[in-house]
Amino acid sequence: MSVLFNEKYADRYFTAQELSAMAPRAVSAMDTLMQGSGLGNDKLGWVTLPEYCEEFTAIQEAADYIRQNADVLIVIGIGGSYLGARAVIEAVKSPNYNLTAKDTPQIFYIGNSLSPSSLNETLALCEGKDICVNVISKSGTTTEPAIAFRIFRDLVNSRYSKEEAAKRIFCTTDKAKGTLKELADREGYKTFVVPDDVGGRFSVLTAVGLLPIAVAGIDIGELLKGAETAMNELCSDELAKNEMLRYAAVRNCFYENGKQLECFVSYEPRMAMFNEWLKQLFGESEGKDGKGLFPVSCIFSTDLHSLGQYIQESGKKLMFETVIDFKQTDSDYEIPMQEGNLDGLNFLAGNNMSYVNNRARLGTLLAHTEGGVPNLVIECDKLDEYHIGYLIYFFEKACAVSGYILGVNPFNQPGVESYKKNMFALLGKPGFEAEKERLEKQLGL
């Protein structure tokens, strides 16, 4: 298989009997998912998304246009509307993508917060540059991206003729209805579809993620190929033959044994945003009805110098770690000899940085497991489009299966609406007058 699951560094923390007891529950959860018989079964379009091809050519054509006509692409969206694309771009390319020499546009992400400083900074970065905008919203009325789109649409309209402006705005939205769809049809903006049966955090392999990813010069065909391989491989109902199913089962054994946090770890800084995507995927899917592991993330060895002490020696061993390990690097660096050996590191001279990084990984793995923190390892050959595509599908399916093991709907997010109602009331949105008065009194405003 393209991705392997290794639990040998964690098996002292669960018994064979516990895993055997979890196995039929995991298989039943996967059957529920694949048969579409569980909660949220109207949001299962992602299960076959690796076969997605309806808009593939149109996405490539739009990406070509943007690359040829823009210095900057503004991606407007929040949560799953931008996080998956950013995760793939930074993993495959670089967190420094915008600073590297290339023949593709810079990509800035906006509409994912309400920070005026962030907004003004992004506007300043667009000065004197040709821009295109990709706004991603099912409805077009979500507060954060709607405000950003209002501002950047005005910017495009002020710089270009009406006809030219229409060519530079791309809307990824509902196929038939909603504020953004109506506006796009009226103004002649190119539209792509947010499928009705795919929730935001599962949408990276639709136009939601594929358009920005393609603009960055990433081979979306290889990305989908990796996901399709995962779709075809991760089907067995035997834990020994299905890496995803075994991972889902083991992490739920830990949950039932009292673990409360899952820490996603990589030794590649390029994976930082991928870890952020994982946090949304698992947090929003499992965290409900008083259940679910809390997802956190680290980049090692960096965070070993901030959180390593806590992970190693905290009194309550509440977490386990899931480490994504890549066997190959796309570049390396040989450590040189230093005259005088002032830093005491000549014993490393002649070794590659990848060797040192791997030894740091193994040393940390042993230290943490001996300190009471189990380590699960997801092993990949290399960090490229194909393997990232595989990982996306691997974790999406593992997340859905885990949700059904827990007995929750992995595809809704009822708790997200609570803050929105309070925010709208405090902002004075029509229809929230009584709630506004109550909240202001409660806050002492």
Side-chain angles (χ1 to χ4, degrees), residues 55 58-79 81-83 85-86 89-90 93 96-174 178-194 207-218 220:
E55 293 183 301
I59 289 170
Q60 294 280 39
E61 290 173 351
D64 287 342
Y65 175 87
I66 295 168
R67 285 196 297 266
Q68 293 168 17
N69 292 277
D71 304 309
V72 169
L73 171 66
I74 300 296
V75 176
I76 299 175
I78 196 167
S81 293
Y82 90 101
L83 198 49
R86 185 171 182 179
I89 291 168
E90 295 197 7
K93 293 290 187 176
N96 298 313
Y97 165 81
N98 283 338
L99 301 177
T100 56
K102 57 190 180 302
D103 57 1
T104 54
Q106 293 180 304
I107 299 176
F108 299 125
Y109 307 91
I110 198 68
N112 50 61
S113 78
L114 293 168
S115 164
S117 298
S118 177
L119 173 65
N120 285 321
E121 181 182 80
T122 305
L123 286 167
L125 289 168
C126 292
E127 289 182 8
K129 297 178 180 179
D130 279 320
I131 64 173
C132 285
V133 171
N134 178 206
V135 57
I136 306 160
S137 175
K138 183 75 169 172
S139 65
T141 59
T142 303
T143 306
E144 294 90 340
I147 291 174
F149 183 48
R150 173 180 287 201
I151 293 165
F152 279 90
R153 178 171 171 257
D154 285 348
L155 179 62
V156 172
N157 286 334
S158 70
R159 285 194 184 178
Y160 307 100
S161 68
K162 183 177 177 63
E163 294 74 17
E164 179 67 14
K167 296 177 183 178
R168 291 179 173 271
I169 296 176
F170 300 82
C171 301
T172 309
T173 188
D174 191 90
T179 298
L180 183 55
K181 174 62 175 172
E182 292 172 7
L183 175 65
D185 288 346
R186 185 174 72 242
E187 298 295 325
Y189 303 150
K190 175 67 178 176
T191 60
F192 294 94
V193 174
V194 179
V208 169
L210 292 179
L211 178 55
I213 291 168
V215 170
I218 292 171
I220 60 174

Separation between OH of Tyr82 and CD1 of Ile76, rounded to the nearest 0.5 Å:
13.5 Å

How close do Ser81 and Ile136 get, heavy atom to heavy atom, and via which atoms?
O-CD1, 3.0 Å

So, Asp174 side chain and Val194 main chain: donor-acceptor pair closer than 3.5 Å or not?
no

Side chains of Thr104 and Val215: does their closest heavy-atom pair fall under 4.5 Å?
no

So which atom in Cys132 and which in Tyr65 form the shortest heavy-atom distance, rounded to 0.1 Å?
SG-CE2, 4.3 Å

Test your reading of the model: is there a side-chain donor-acceptor pair from Ser139 to the backbone of Gly178, 3.5 Å cut-off?
no

Beyond-backbone contact of Leu123 with Phe152, side-chain heavy atoms, under 4.5 angstrom:
yes

Within the side chain of Thr142, is there an N or O that forms a donor-acceptor pair under 3.5 Å with the backbone of Pro145?
no

Nearest 0.5 Å please: distance from the CG atom of Leu125 over to the CG atom of Asn120.
11.0 Å

Ala146 and Gly140 have their tightest heavy-atom pair at CB-O, 3.7 Å

Can you name the nearest heavy-atom pair linking Glu144 to Gly111, along with the distance?
CB-O, 3.2 Å

Would you say the side chain of Val135 lies within less than 4.5 Å of the side chain of Tyr189, judging by non-hydrogen atoms?
no

If you count heavy atoms of other groups shown closer than 6.0 angstrom to CZ of Arg159, is the number above 12?
yes

Tested for side chain to side chain contact (heavy atoms under 4.5 Å, CB included) against Gln106, the lone hit among Asp71, Ile74, Ile131, Val72 is Val72

CD1 on Ile66 to CZ on Phe170, rounded to 0.5 Å
4.0 Å

Hey, is the main chain of Ala70 close enough, under 3.5 Å, to the side chain of Arg168 for a donor-acceptor pair?
no

Return the minimal non-hydrogen interatomic distance between Gln60 and Ala214, and the atom names on each side.
OE1-CB, 4.1 Å

Can you confirm whether Ile89 sits close enough to Ile218 that some side-chain heavy atom of one is under 4.5 Å from a side-chain heavy atom of the other?
yes

If you measure from CD on Glu61 to CG on Leu211, what distance do you get to the nearest 0.5 Å?
12.0 Å

In Å, rounded to the nearest 0.5 Å, how long is the span from OG1 of Thr172 to CG of Asn134?
4.0 Å

Can you tell if the side chain of Arg153 reaches within under 4.5 Å of the side chain of Glu187, non-hydrogen atoms only?
yes

Would you say the side chain of Lys190 lies within less than 4.5 Å of the side chain of Cys171, judging by non-hydrogen atoms?
no

How long is the gap from CG on Leu83 to CG on Asn112, to the nearest 0.5 Å?
9.0 Å

Please name the pair of heavy atoms, one in Ile59 and one in Ile220, separated by the smallest distance, quoted to 0.1 Å.
CG2-CD1, 4.0 Å

Is there side-chain contact between Glu55 and Val193, with at least one heavy-atom pair below 4.5 Å?
yes

Ion pair check, Lys181 and Asp185, cut-off under 4.0 Å
yes

Could you check whether any side-chain heavy atom of Asp130 comes within less than 4.5 Å of a side-chain heavy atom of Tyr160, counting everything from C-beta outward?
yes

